[in-house]
Amino acid sequence: YHIPQLDNLKVSRSLIDSYNIEDIELEPILFQSGYLTIKEAEFTDFGAEYVLGFPNHEVRISFHDVVARALTNKSDILVEKKSLLKSLREADIEQFRTTLCSVFASIPYNNYTRNQISTFEGYYASIAYVYLASLGLDLRVEDPTSTGRIDMTIQTGNIIYVVEFKVEGKGDALAQIKEKQYHLKFMDQGRDIYLIGIDFDSEKRNISSFEWEKV
């Protein structure tokens with residue numbers, strides 16, 4: 001499931017009212033348990049359509065904590081969270097890379113058995129998103145620009161990170177950011193901008209290339 005879409009999810013009334021326990025989707029479970037709430041409602045000729053989202057900042061962080069712990073089979077992810085937050089706030093890019101590598105290395109091998117999930121870019125992006133979203137930072141995925149969509153932008157204090165993910169990209173992630181000039185969107189804000197390209201190896205199930213530049 002592409003977890004980032006839960007921040008702004010459009011669903012029909014029939015979906016969130018679903019109680020068929022034999023064939024239930026994730027969205028009604030999260031809605032009925034209180035993790036998601038109705039943010040907007042629109043009534044059309046085809047019935048009601050709702051925009052769901054997390055009810056508040058605390059619930060959003062709590063949810064991503066739960067998912068991050070489940071993915072890594074860890075009861076406590078505080079060490080990784082503190083390291084990620086500190087490295088981003090201080091623009092310690094090498095420490096950011098080291099912590100991300102540790103996060104992916106901690107995912108049990110059985111998560112990859114009998115499936116092809118390690119070959120999908122969205123899988124790695126979702127895991128990075130879950131950990132970073134649990135920090136409470138200003139985080140955006142599929143951030144639109146005039147030349148394409150940025151996989152992820154992270155904003156904290158006076159710093160903006162423009163992040164691109166690739167699987168088997170062989171260093172192509174940073175090259176795409178520069179070719180598309182994604183950073184131009186933020187140039188008038190007077191903030192430090194870092195471009196980070198992260199490539200993953202589907203066999204090692206971890207980061208294979210981590211390149212960055214400050215602009």
Side-chain angles (χ1 to χ4, degrees), residues 2-4 64 68 71-72 77 79-107 109 111-112 116-215:
H2 190 53
I3 294 171
H64 290 100
L71 284 171
T72 56
I77 59 171
V79 172
E80 289 85 357
K81 288 183 61 172
K82 289 172 66 176
S83 179
L84 287 171
L85 185 59
K86 184 174 186 290
S87 62
L88 289 171
R89 284 179 171 171
E90 297 179 359
D92 187 345
I93 313 299
E94 289 307 309
Q95 183 57 51
F96 179 57
R97 178 192 62 80
T98 298
T99 306
L100 276 184
C101 286
S102 177
V103 165
F104 283 99
S106 68
I107 298 173
Y109 76 93
N111 282 23
Y112 301 98
Q116 298 295 318
I117 198 170
S118 65
T119 63
F120 295 112
E121 178 184 311
Y123 164 71
Y124 297 100
S126 288
I127 291 177
Y129 173 84
V130 165
Y131 267 86
L132 296 171
S134 73
L135 304 179
L137 300 175
D138 183 352
L139 187 66
R140 302 175 189 180
V141 295
E142 298 297 317
D143 198 359
T145 74
S146 61
T147 57
R149 292 180 179 272
I150 306 169
D151 280 348
M152 182 183 296
T153 57
I154 311 165
Q155 302 189 36
T156 176
N158 196 43
I159 304 172
I160 298 174
Y161 298 95
V162 178
V163 185
E164 190 73 21
F165 301 102
K166 294 288 183 186
V167 177
E168 323 292 16
K170 300 180 181 179
D172 293 342
L174 180 61
Q176 178 172 320
I177 297 175
K178 297 168 67 175
E179 178 185 348
K180 298 287 188 177
Q181 296 187 305
Y182 288 150
H183 60 283
L184 294 182
K185 176 177 179 177
F186 309 103
M187 291 296 288
D188 64 342
Q189 297 187 20
R191 303 163 78 180
D192 292 336
I193 302 173
Y194 291 84
L195 315 180
I196 302 179
I198 304 176
D199 294 273
F200 293 93
D201 185 315
S202 63
E203 291 188 6
K204 295 180 179 178
R205 300 158 186 168
N206 210 318
I207 294 171
S208 59
S209 174
F210 186 104
E211 300 179 319
W212 64 277
E213 289 184 12
K214 181 180 179 182
V215 296

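In what follows, every heavy atom counts, from backbone to side chain, and hydrogens, waters and symmetry copies are set aside. What you are looking at is a predicted structure, and each value in this text was computed from that prediction instead of being measured.
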Inset, instruction - Could you give me the CA-CA distance, side-chain angles and deciding distance for F200 and Y123, then say whether ring-ring contact (aromatic ring centres under 6.0 Å, His included) is met? - result: CA-CA 11 Å; F200 293 93; Y123 164 71; 8.7 Å; no
Inset, instruction - Indicate yes or no: at least one non-hydrogen side-chain atom of M187 is less than 4.5 angstrom from one of I193. - result: yes
Inset, instruction - For D199 and S208, test the side chains for any donor-to-acceptor distance below 3.5 angstrom and give the result as yes or no. - result: no
Legend entry - R149 side, atom CZ; K180 side, atom NZ - distance, nearest 0.5 Å: 12.5 Å
Inset, instruction - For A68 and I77, work out which heavy atoms get closest and say how close. - result: CB-CD1, 3.6 Å
Inset, instruction - Please lay out, stage by stage, how Y131 and E80 fare under the test side chain to side chain contact (heavy atoms under 4.5 Å, CB included). - result: CA-CA 8 Å; Y131 267 86; E80 289 85 357; 4.1 Å; yes
Legend entry - Smallest separation among heavy atoms of I198 and A173, with atom names: N-CB, 3.5 Å
Legend entry - Shortest non-hydrogen contact from T72 toward S106: CG2-OG, 3.4 Å
Legend entry - Between E94 and T98: side-chain donor-acceptor atoms closer than 3.5 Å: no
Inset, instruction - Classify the angle between the aromatic ring planes of Y129 and H64 as parallel (below 30°), tilted (30 to 60°) or perpendicular (above 60°). - result: perpendicular
Inset, instruction - Starting at CG of L100, measure out to CD1 of I127 and round the result to the nearest 0.5 Å. - result: 10.5 Å
Inset, instruction - Indicate whether any N or O donor in one side chain lies under 3.5 Å from an N or O acceptor in the other, for Q95 and S83. - result: yes
Inset, instruction - Look at the side chain of D143 and the backbone N and O of T153, then say whether any donor-acceptor pair between them is shorter than 3.5 Å. - result: no
Inset, instruction - Please report the closest heavy-atom contact between L195 and I177, naming both atoms and the distance. - result: CD2-CG2, 3.9 Å
Legend entry - Stepwise side chain to side chain contact (heavy atoms under 4.5 Å, CB included) check, E142 with M152: CA-CA 6 Å; E142 298 297 317; M152 182 183 296; over 6 Å; no
Inset, instruction - Classify the side-chain pair S202/E168 by whether it contains a donor and acceptor separated by less than 3.5 Å. - result: yes
Inset, instruction - Using the six-membered ring wherever Trp is involved, compare the ring planes of W212 and Y194 and label them parallel, tilted or perpendicular (cut-offs 30° and 60°). - result: tilted
Inset, instruction - Count the heavy atoms of every other residue, nucleotide or ligand shown that sit under 6.0 Å from CZ of R89, and state whether that count exceeds 12. - result: no
Inset, instruction - Give the C-alpha distance, both sets of side-chain angles, the deciding distance and a yes or no for side chain to side chain contact (heavy atoms under 4.5 Å, CB included) between T156 and D138. - result: CA-CA 7 Å; T156 176; D138 183 352; over 6 Å; no
Legend entry - Nearest heavy atoms of R97 and I207, plus distance in Å: O-CD1, 4.5 Å
Legend entry - Separation between CD1 of I196 and OH of Y161, rounded to the nearest 0.5 Å: 6.5 Å
Legend entry - N/O donor-acceptor pair under 3.5 Å between Y182 side chain and T145 backbone: no
Legend entry - Min side-chain heavy-atom separation D192-I160 under 4.5 Å: no
Inset, instruction - Mark yes or no for whether T99, through its side chain, and F96, through its backbone, hold a donor-acceptor pair below 3.5 Å. - result: no
Legend entry - S146 OG to Q181 CD distance, which is reported to the nearest 0.5 Å: 8.5 Å
Legend entry - Gap separating the CD1 atom of I150 from the NZ atom of K185, nearest 0.5 angstrom: 5.5 Å
Legend entry - Nearest-0.5 Å distance, NZ of residue K166 to CG of residue L174: 12.0 Å
Legend entry - Step-by-step side chain to side chain contact (heavy atoms under 4.5 Å, CB included) determination, V141 to D151: CA-CA 5 Å; V141 295; D151 280 348; over 6 Å; no
Inset, instruction - Taking K81 for its side chain and S134 for its backbone only, find out whether a donor-acceptor pair lies under 3.5 Å. - result: yes
